[in-house]
Amino acid sequence: MVEEHTPEFVDAGEKQKINFFEGDVHLGHYDFRFDFNDKKHFSISRDGTGRIRVHSQKNISKLWILLEDEDFRPIELRKYAETDRFIFWGTQIQFRSSVAKFSFAATTNDQLNIYLGTSGIANFISPSEKWVYDINTFHRHTIPDWVYGGVMYQVFPERFANGDSSINPKNLVEWGSTPTRLDFQGGDLYGVIQNLDHIESLGVNIVYLNPIFLSTSTHKYDSWDHFKVEPSLGGDNALKELIKECHKREMKIILDCSLNHVHPRHFGFQDLVKNGEKSKYKDWFTVFDYPVRFIHRPHLYSNTYKVGWDGNEEEYKRYLEKTFEETMVPVEIKDDDGPIVEPSFKAWWGVPDMPKVNFENKDARQWALDVTKYWIENFDIDGWRMDVAKELDFSFWKDFRDIAYSAKEDVLLISEIFGDTSQWLQGDRFDGTMNYSFRETMTDYFATKRINNKEFADSLANLYSMYSFEALSSCQNLLSSHDVKRFLNRSGNNEDGILGAIFLQTTFPGIAGIYYGDEIGLGGADDPFNREPFPWHDKPSWNMTILEFTKTMMNIKNSNTIFKYGRFELLNDTKDVVIFRRILQDESLLCIVNRDRLTKDLTINTNAHSIDVIYGDCEAILEDGSIKITKNRGDIGLIIHEK
C-alpha cells in the first residue's frame, strides 16, 4: 500500500520510518554497491573510526548515510573517484554509541530522490531495512603500525650476495654467470647481513626473504624440513644474526614458504614411501596408486616443451635425474604414452618433487600450524608470505592467523594470490597480498603504454576501491618478482617506464615492493633470468638514475605521515596528466603523474592556505584558490604539500 497522505501520530522508540526527503521518492532500478560484510565497503580503524564506501551508477549527484547512533545524523558522502562505470563515494565516521544503525539516501542528476536499505531501493526506510554496527561483535581488521607506508625489499637469497664461501653448495658456478634453474652461485644470509647498509639506504623497513628452509634447490619451495634453515645459506645461526641486525635498524623480517607442498624427503612422505598404505602419514597426502612411485617415460623427452623448462631437454633430464636420486622414491619405467614423469600421488601441478599436503587431515594441519608458530616464537620473525595461498583449504587460514597472532601481536601476513584477493583480506586470514593487480596496471600504463591517462586514472580508482584501507596498506605493491619478468624488461629497457612505476609505488597506498636488483637496473626476463645474481662485482653496470630515484622516492614515502595514513582522492583532469591527492585531516599531498614528461604549465583548484614542493623541478604558487605550476622541467612526477 502506498500512502497518499502523511498522517501525524505519536511514534515513540525507534521510528517506524525515516523522514529525510520531503515529497515522493523514486522506486526505479539503480545500481548501488555496498556490502556490510566486505571491509572494502565498511571497516573500522584501530582508533574506532568507521570507513564507509559505496559505489554507484554515474547519474547519482549526492549520497548520504542516514546514521542513527545517539541521534539521527545524515552525513553526506564525498565523491573520491569517478570512472566510466561508477562514482566512488566515501566518508569517515566517529560513532557516538556502541550500537549504530544506518541506511542511505541519494539524489539523481535529475532531482529524483532514492532510499537504499538492506533490501535495496525502498519507498521509505523501516527498522528492518537498516544495517547494524555493534562495536562489541564487529570483527576489525587491525594491522601493525609499522606496515603503513612500508618499503619492502625482496631478497632471493641464493642470488643476492655470497657472504661466506666456506658454506658454498655443490654445483657452484662463477658469480655473475648466466642464471639457470639448477646451478648455484653461492648467495647466503651472511651476504644479506653484509649488505644491509645498501638495503637501508633505499628507505626499506621490511626485508622479505624467499624460502630459506632445508632444500637442495635454488628456490627452496620444495623444503625437506620446515624447521631448519638450509646450511648452505648459513643455517639457523645466520638467520638469528640477520634478524638481530635488522631489528637493530628497526627493520622487520618476513619469511616465505609453501605449506601446500613439501619435498619427497619430508619425514611424513618418506614414511609413506617406506610403509605404503600402512603408513601413519597416509592421509597427509593423496596417493592415486600404490606403491608410491614415479612412472618415467624417458622416450618422451622430446615433449619437454609441454612441461615448460623452455623446452630445454638436457636441463629437464638433469633435473629428473637429480629428483630420482634424492627423493628415494621408486621409479617405474614405461614405454607407453603419457607424461614424461607421472607421480602416483598428487603433486603440486604435477611437479614430481612437490607432493601436495592434504589439509583435510588434522595432523597435517597441525604440522603446518607448528611451522607457522615456531619461527615467530623462536626466531622473532615479523611475518609470513605464504606461497600459492589460494590452493590450500580456505578454512585453514583462519587457524593460521590465530596461531600467528597468539605468538606475536604485530605480525604481517601476506598471501601470494594473483588477482582479486578480497575473500582472503577480511581481517580473519591475511592482511594483504602480493598485489599483482597493481603491477598489471603499472605495466599497462608505464611499461607497454597500452592504456591512456583516463584508463589509468580509472584503474587507480578501482585499485583503491578493491580492498579496505587496512588491507590495501598491507599489500606488497610489487613491480617485479621471482615469478615474473622484471619491470625494466617489461618496459623494453626504457628507464622512464620503471621510474614512473616507482613514483606510483611511493604515492599510492600500500607497501612499495622492491625486488632485489630492480633498484640498479636488472632487467631479466622470465625464470631463471629474473633470478640473476646481484652484480656487486660490476658496479659500473648499475643504473645510477634508477638507484638515486628509488632512494629519493622511498625515503619520502616512509618518512611522510600523509603517505602512511592519508586517504586517496582522484582528480578528474586527465587530459595531459593524472592527478590525485592523499589526504590526512587538514593536510594533503598533491601527486601529479607526468608519464610523457610534458612541460606545460598546470592550474589545479585547491583549498590550501600554503603549499610546498616536496618533489619535482618546478615552481608552484597559490593564486585565487588555485595552484599554478610553472617552469615545469618535465619530471615524471610532482609532489606538492598542501596545508
Side-chain angles (χ1 to χ4, degrees), residues 154-158 181 208-230 233 239 253-270 272 281 284-286 308 319 323 326-327 343 345-361 363-376 379 381 383-397 399-401 403-404 411-418 421 424 429-430 432-434 436 476 478 481-484 515 527-528 530-531:
Q154 179 183 348
V155 175
F156 193 85
E158 209 287 313
R181 293 177 176 84
Y208 150 36
L209 300 175
N210 280 111
I212 58 172
F213 301 145
L214 186 67
S215 167
T216 59
S217 70
T218 58
H219 56 78
K220 306 201 180 331
Y221 283 102
D222 55 348
S223 178
W224 296 27
D225 188 340
H226 284 67
F227 295 94
K228 292 181 181 177
V229 176
E230 165 60 37
L233 293 179
L239 178 61
I253 284 277
I254 306 293
L255 294 189
D256 178 7
C257 79
S258 175
L259 298 173
N260 176 73
H261 47 265
V262 297
H263 191 274
R265 289 293 289 270
H266 179 273
F267 69 90
F269 197 83
Q270 281 297 298
L272 181 62
Y281 300 103
W284 282 40
F285 306 94
T286 303
Y319 156 71
T323 299
E326 285 183 346
T327 59
F345 51 88
K346 181 178 284 189
W348 179 70
W349 290 17
V351 177
D353 58 353
M354 294 184 179
K356 183 173 172 62
V357 178
N358 174 24
F359 276 80
E360 293 183 2
N361 180 274
D363 293 328
R365 286 172 78 111
Q366 188 58 53
W367 161 82
L369 295 174
D370 290 345
V371 172
T372 303
K373 189 175 184 181
Y374 176 81
W375 296 99
I376 300 173
F379 286 74
I381 69 167
W384 285 103
R385 176 268 191 193
M386 281 290 157
D387 191 50
V388 297
K390 72 177 181 180
E391 300 185 45
L392 279 75
D393 188 283
F394 185 62
S395 67
F396 168 75
W397 295 119
D399 297 337
F400 163 78
R401 185 178 188 85
I403 201 77
V411 291
L412 174 65
L413 305 175
I414 294 179
S415 67
E416 185 224 15
I417 299 176
F418 288 60
T421 314
W424 287 269
R429 289 173 173 81
F430 290 99
T433 194
M434 296 185 77
Y436 279 100
Q476 178 192 357
L478 71 158
S481 80
H482 58 290
D483 284 329
V484 295
Y515 183 46
D527 176 22
N530 54 5
R531 305 175 183 183

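Keep in mind that what you see is a predicted model, and the values were worked out from it rather than measured. Computation of the quantities below employed the complete heavy-atom set of this structure, encompassing side-chain atoms and omitting hydrogens, waters and symmetry-equivalent molecules.
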* Donor-acceptor side-chain pairing of Ser223 and Ser215 below 3.5 angstrom ->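 There is no such pair (donor and acceptor under 3.5 Å, judged by atom type) between the side chains of Ser223 and Ser215.
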Check salt bridge (Lys or Arg N to Asp or Glu O under 4.0 Å) between [X] and all other residues, then give those that pass, not counting sequence neighbours.
| X | answer |
| --- | --- |
| Arg181 | Asp310, Glu315 |
| Asp222 | none |
| Asp363 | none |

* Any salt bridge (Lys or Arg N to Asp or Glu O under 4.0 Å) involving residues 349-361? Give me the pairs, sequence neighbours left out, ordered by first then second residue. =>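 For residues 349-361: none.
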* For the pair Phe269 and Phe345, name the ring-plane relationship: parallel under 30°, tilted 30 to 60°, perpendicular over 60°. => perpendicular
* To do: Please work out whether the ring planes of Trp284 and His266 are parallel, tilted or perpendicular, with thresholds of 30° and 60°.
  =>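 Plane angle between 30° and 60°, so tilted.
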How long is the span from the [atom1] atom in [X] to the [atom2] atom in [Y], to the nearest 0.5 Å?
| X | Y | atom1 | atom2 | result |
| --- | --- | --- | --- | --- |
| Glu416 | Ser481 | CD | OG | 7.5 Å |
| Thr372 | Arg401 | OG1 | CZ | 13.0 Å |
| Leu239 | Lys228 | CG | NZ | 15.0 Å |
| Phe430 | Leu412 | CZ | CG | 10.5 Å |
| Asn358 | Phe285 | CG | CZ | 9.5 Å |

* To do: Check each of Trp375, Tyr221, Trp367, Phe267 against His226 using the ring-ring contact (aromatic ring centres under 6.0 Å, His included) test, and report the only one that passes.
  =>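 By the ring-ring contact (aromatic ring centres under 6.0 Å, His included) criterion, His226 pairs with just one of Trp375, Tyr221, Trp367, Phe267: Trp367.
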* Structure fact -> Residue set satisfying side chain to side chain contact (heavy atoms under 4.5 Å, CB included) with Thr216, at least two apart, ordered chain then number -> Trp224, Lys322, Glu326
* Using side chain to side chain contact (heavy atoms under 4.5 Å, CB included) as the criterion, list what pairs up with Asp399, not counting sequence neighbours. => Arg365, Leu369
